[in-house]
Amino acid sequence: MAPSAAQRIVIENCAIATVDADDTEYASGHLVIAGNRIESVGSGRAPAGLENVARRIDARGHLVTPGLVNTHHHFYQWITRGLATDHNLFNWLVALYPTWARIDEEMVYAAAQGSLAMMARGGVTTAMDHHYVYPQGSGDLSGAIIRAASEMGVRFTLARGSMDRSEKDGGLPPDFAVETLEGALAATEETVKKHHDASFDAMTQVAVAPCSPFSVSTELLRQGAELARRLGVRMHTHGSETVEEEKFCHELFGMGPTDYFESTGWLGEDVWMAHCVHMNDSDIEAFGRTRTGVAHCPSSNARLAAGIARVPDMLKAGVPVGLGVDGTASNESGELHTELRNALLINRLGAHREAALNARQALRLGTYGGAQVLGRAGQTGSLEAGKLADLVLWKLDTLAHASIADPVTALVFGAAAPVTASFVNGRQIVEDGRLLHADEDAIAHATREEARRLARIAAQG
C-alpha cells in the first residue's frame with residue numbers, strides 16, 4: 001500500500017466498474033489514488049479527513065474503469081496502414097514483407113509513437129508490442145520501441161520476437177530480414193537482461209516471442225521456451241490463426257498447431273498466443289488445462305477473413321483471454337476501446353449467438369483478462385485497494401451516450417466514448433482526449449514522413 005504521506009488524488013460522484021472477482025459496481029462512488037496505488041474505492045463520497053489531497057475530481061457523468069490492457073500488437077505496421085486491404089493473411093504477408101524488410105530504427109520509433117499515442121488517448125494504460133522483424137543493420141529497434149513507450153507514459157511489455165525461416169527455407173521474409181537461431185536467442189536474452197523489470201510496479205517488461213510456426217524453426221521455439229523459463233519471463237507467439245497454418249503444421253510436423261506447440265514446450269500459464277481462431281474442442285481443453293492465454297483480435301481477424309475465435313468456449317474452459325489491437329496494417333484504427341464492442345458483436349455471429357458475450361464480459365476481456373494474459377493480474381486490470389493506479393474516466397453524459405441508463409452498456413455497445421482522464425501508475429497521461437506528455441501533431445507528421453520514406457525505399461527494392 002502507498003504510504004500515508006503520499007499525495008492523493010480523489011475522484012468522486014462517478015459510476016465505477018471495478019471488474020474485481022465479484023464484478024462490484026457503484027452507481028455513484030469514489031476512488032482515492034495515493035502515490036502510484038489505489039488506496040480506496042467504494043460507494044458515496046471519499047472518506048473525510050484525507051491528508052495531502054493534491055487534487056479533487058468531480059467526475060459526474062463519467063464511468064471509471066480499470067485502464068485497458070492491449071495483449072497483441074505490431075507497432076511498426078503503423079507506417080504501412082491502408083495497404084493490401086483485400087487480402088487474406090497469407091497474401092497480405094506476401095504483399096507486405098518486402099516493405100517491412102526495409103524498416104530501420106527511425107521508422108520503428110515513429111511507428112511506435114503513433115501506435116502508442118492512438119491507444120493511450122483511447123484508454124489503454126498497459127500496452128504490448130510483438131516486434132519480430134529485425135533486418136540486418138537496422139539499428140536498435142527494441143530500444144527505440146521501449147523508449148517510445150517510456151516517453152508516452154504507458155505500462156509496457158515488449159514481446160521480443162524473432163524469425164529464422166526465410167525465403168531460402170520456404171518462409172516468407174527476405175533472407176536479410178531474419179536472424180540466425182543463435183543470433184535470435186542471444187539478442188533476445190540481451191534484451192531481457194537489459195530491459196526487463198520484475199518489480200510489482202514495473203513499467204517495462206520483456207517476453208520471449210518467436211513469431212509463428214511457419215516463420216521460425218522448431219529449434220527456435222524449443223530453445224526460446226527454455227530461455228524464457230531460465231530467465232523467468234513470459235512467452236508469446238501467433239497460434240492457430242488460419243486454416244492454412246493448421247494445414248502447414250499437419251504437413252510439416254504431422255500434427256496440428258496446439259499439439260505442435262505442446263511438443264516444443266509452448267503451453268503453460270506463462271504463455272499467451274495471438275488469435276487462436278481455428279481451435280477444436282481438444283485444443284481449447286489443452287489451453288484451459290495448462291492455463292495458456294489468448295489474445296483475441298476481432299477486428300484484425302475480420303479484416304484478414306481469418307474467422308471467428310471461439311471465445312465463449314475458451315472462457316468456459318478456463319482459458320485466460322484478453323483483447324488485442326493487432327498490427328495497424330490489419331486494423332487501421334489502432335484503437336483498443338473499439339475492440340470491446342467488436343469482440344461482443346463478432347462473437348454473437350458465432351455458434352452461441354446472442355449468448356456469446358455480454359457487455360461486462362467484454363469489459364473484463366479488455367481489462368482484467370488482458371492483465372491475466374500478460375501475467376500482471378495481481379497488479380492491474382481491476383480497481384482494488386493496493387493495486388496500481390491505472391484507470392480511465394469515460395465521459396458518458398454527451399449526446400452519444402446520455403440516454404443509455406447503464407454505463408457499462410453505454411461504454412461497450414455505444415459509440416467510442418471520450419476519455420476525460422487516463423492515469424498510469426498514478427500519473428495522468430490523457431486529459432479531455434489529448435495526450436499530456438506527447439505532441440500528437442508532431443507524431444502525425446513524423447509517421448507520415450517515415451511512411452513515405454519507407455515506401456520510397458521499398459519501391460527501389
Side-chain angles (χ1 to χ4, degrees), residues 70 72-122 124 127-152 154 156 158 161 163 166-167 172-178 211 297 299-300 303-304 325-336 338 433-435 437-461:
N70 180 44
H72 185 66
H73 211 313
H74 307 296
F75 290 175
Y76 75 92
Q77 292 181 13
W78 186 266
I79 55 175
T80 58
R81 293 193 296 166
L83 306 177
T85 55
D86 303 309
H87 294 51
N88 64 21
L89 176 67
F90 182 83
N91 293 328
W92 176 82
L93 290 171
V94 170
L96 290 175
Y97 262 129
T99 298
W100 292 340
R102 270 73 182 182
I103 59 174
D104 60 27
E105 186 175 340
E106 290 181 37
M107 295 175 189
V108 168
Y109 174 70
Q113 284 188 308
S115 296
L116 287 158
M118 201 67 192
M119 284 188 293
R121 67 201 293 271
V124 168
M128 72 78 68
D129 183 29
H130 185 193
H131 189 84
Y132 53 85
V133 183
Y134 288 88
Q136 297 168 20
S138 55
D140 182 10
L141 305 189
S142 293
I145 297 163
I146 290 170
R147 176 162 53 95
S150 176
E151 292 169 352
M152 196 66 59
V154 300
F156 181 60
L158 173 67
M163 298 185 292
S166 66
E167 288 175 326
L172 297 178
D175 295 342
F176 67 86
V178 306
C211 182
C297 306
S299 292
S300 177
R303 158 76 149 84
L304 296 173
V325 170
D326 203 9
T328 48
S330 64
N331 179 3
E332 275 74 4
S333 77
E335 297 178 310
L336 191 68
T338 54
R434 297 287 293 184
L435 300 170
H437 310 294
D439 186 332
E440 295 178 25
D441 294 334
I443 292 172
H445 176 78
T447 57
R448 181 171 59 249
E449 292 305 307
E450 292 301 329
R452 289 172 175 172
R453 184 165 72 90
L454 176 58
R456 288 195 300 270
I457 293 171
Q460 294 167 1

J.: Of all the heavy-atom pairs spanning Cys211 and Met163, show the shortest one and how long it is.
T.: CB-CG, 3.7 Å
J.: The criterion is salt bridge (charged side-chain N to carboxylate O under 4.0 Å, His left out); which residues satisfy it with Arg456, sequence neighbours excluded?
T.: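 Testing Arg456 for salt bridge (charged side-chain N to carboxylate O under 4.0 Å, His left out), a comparison that skips the adjacent residues, returns none.
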J.: For residues Val154 and Val124, report the shortest heavy-atom separation together with the two atoms involved.
T.: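 That would be CG1-O, 4.2 Å.
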J.: Under the side chain to side chain contact (heavy atoms under 4.5 Å, CB included) rule, what do Thr338 and Ser333 come out as? Steps first, then yes or no, please.
T.: CA-CA 9 Å; Thr338 54; Ser333 77; 4.2 Å; yes
J.: Rounded to the nearest 0.5 Å, what separation is found between the NE2 atom of His131 and the CD1 atom of Ile103?
T.: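 If I round to the nearest 0.5 Å, the distance is 4.0 Å.
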J.: May I ask you to say whether Asp104 pairs ionically with Arg453, meaning some side-chain N is under 4.0 Å from a carboxylate O?
T.: yes
J.: With the side chain counted from C-beta on, respond yes when Met152 and Ile443 share a heavy-atom pair under 4.5 Å apart, and no when they do not.
T.: yes
J.: Does a side-chain heavy-atom distance below 4.5 Å link Cys297 with Asn331?
T.: no
J.: To the nearest 0.5 Å, tell me how far Arg448 CZ sits from Trp78 CH2.
T.: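 Those atoms lie 12.5 Å apart.
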J.: Side chains of residues 106-116: which donor-acceptor pairs under 3.5 Å do they make with residues two or more places apart or in other chains?
T.:
unit_1: Tyr109; atom_1: OH; unit_2: Gln113; atom_2: NE2; d: 3.2
unit_1: Tyr109; atom_1: OH; unit_2: Glu151; atom_2: OE1; d: 2.5
unit_1: Ser115; atom_1: OG; unit_2: Phe75; atom_2: O; d: 3.2
unit_1: Ser115; atom_1: OG; unit_2: Ala111; atom_2: O; d: 3.1

J.: Which pair of non-hydrogen atoms, one from Ala329 and one from Trp92, has the smallest distance, and what is that distance?
T.: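 What the structure gives for the nearest pair is O-NE1, 3.1 Å.
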J.: In terms of side-chain heavy atoms, does Asp326 have a donor or acceptor partner in His72 at a distance below 3.5 Å?
T.: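 A donor-acceptor contact under 3.5 Å links the two side chains.
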J.: Which heavy atom of Met128 sits nearest to which heavy atom of Asn70, and what is that distance?
T.: CG-O, 3.3 Å
J.: Supply the atom-to-atom distance His437 NE2 to Ser150 OG, rounded to the nearest 0.5 angstrom.
T.: 11.5 Å
J.: Tell me which donor-acceptor pairs under 3.5 Å the side chains of residues 95-102 have, and how far apart each pair is, sequence neighbours excluded?
T.:
unit_1: Trp100; atom_1: NE1; unit_2: Thr80; atom_2: OG1; d: 3.1
unit_1: Arg102; atom_1: NH1; unit_2: Pro98; atom_2: O; d: 2.8
unit_1: Arg102; atom_1: NH2; unit_2: Gly461; atom_2: O; d: 3.1

J.: Quick one: CG on Asn91 to CG on Asp86, what's the gap to the nearest 0.5 Å?
T.: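 Output value for this atom pair is 11.5 Å.
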J.: For Ala127 and Met119, work out which heavy atoms get closest and say how close.
T.: CB-CE, 3.9 Å
J.: Arg81 versus Thr447: any side-chain heavy-atom pair under 4.5 Å?
T.: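 In short, these two side chains do not touch, never coming nearer than 4.5 Å.
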J.: Take the angle between the ring planes of His74 and His130 and call it parallel below 30°, perpendicular above 60°, tilted in between.
T.: tilted
J.: Just verifying a value: how many Å separate Ser138 OG and Tyr76 OH, rounded to the nearest 0.5 Å?
T.: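 The OH atom of Tyr76 is 12.5 Å from OG of Ser138, to the nearest 0.5 Å.
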J.: Check this for me: His445, atom NE2, are more than 12 non-hydrogen atoms of other residues, nucleotides or ligands nearer than 6.0 Å?
T.: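 Result for NE2/His445: open.
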J.: Roughly how far apart are Leu454 CG and Arg452 CZ, rounded to 0.5 Å?
T.: 13.0 Å
J.: Any heavy-atom pair between the side chains of Arg303 and Thr85 that's under 4.5 Å?
T.: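 Sidechains of Arg303 and Thr85: in contact.
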J.: Considering only heavy atoms from C-beta outward, does the side chain of Pro135 approach that of Leu141 to under 4.5 Å?
T.: yes
J.: Any side-chain heavy-atom pair from Phe156 and Asp129 closer than 4.5 angstrom?
T.: yes
J.: Taking the side chain as C-beta and beyond, is there a heavy-atom pair between Thr328 and His73 under 4.5 Å?
T.: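 The answer is yes, as the side chains (C-beta and beyond) meet within the 4.5 Å cut-off.
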J.: Would the distance check show the side chain of His87 and the main-chain N or O of Leu89 forming a donor-acceptor pair, the cut-off being under 3.5 Å?
T.: no
J.: For the residue pair Glu105 and Ala144, what are the closest heavy atoms and their distance?
T.: CG-CB, 3.9 Å
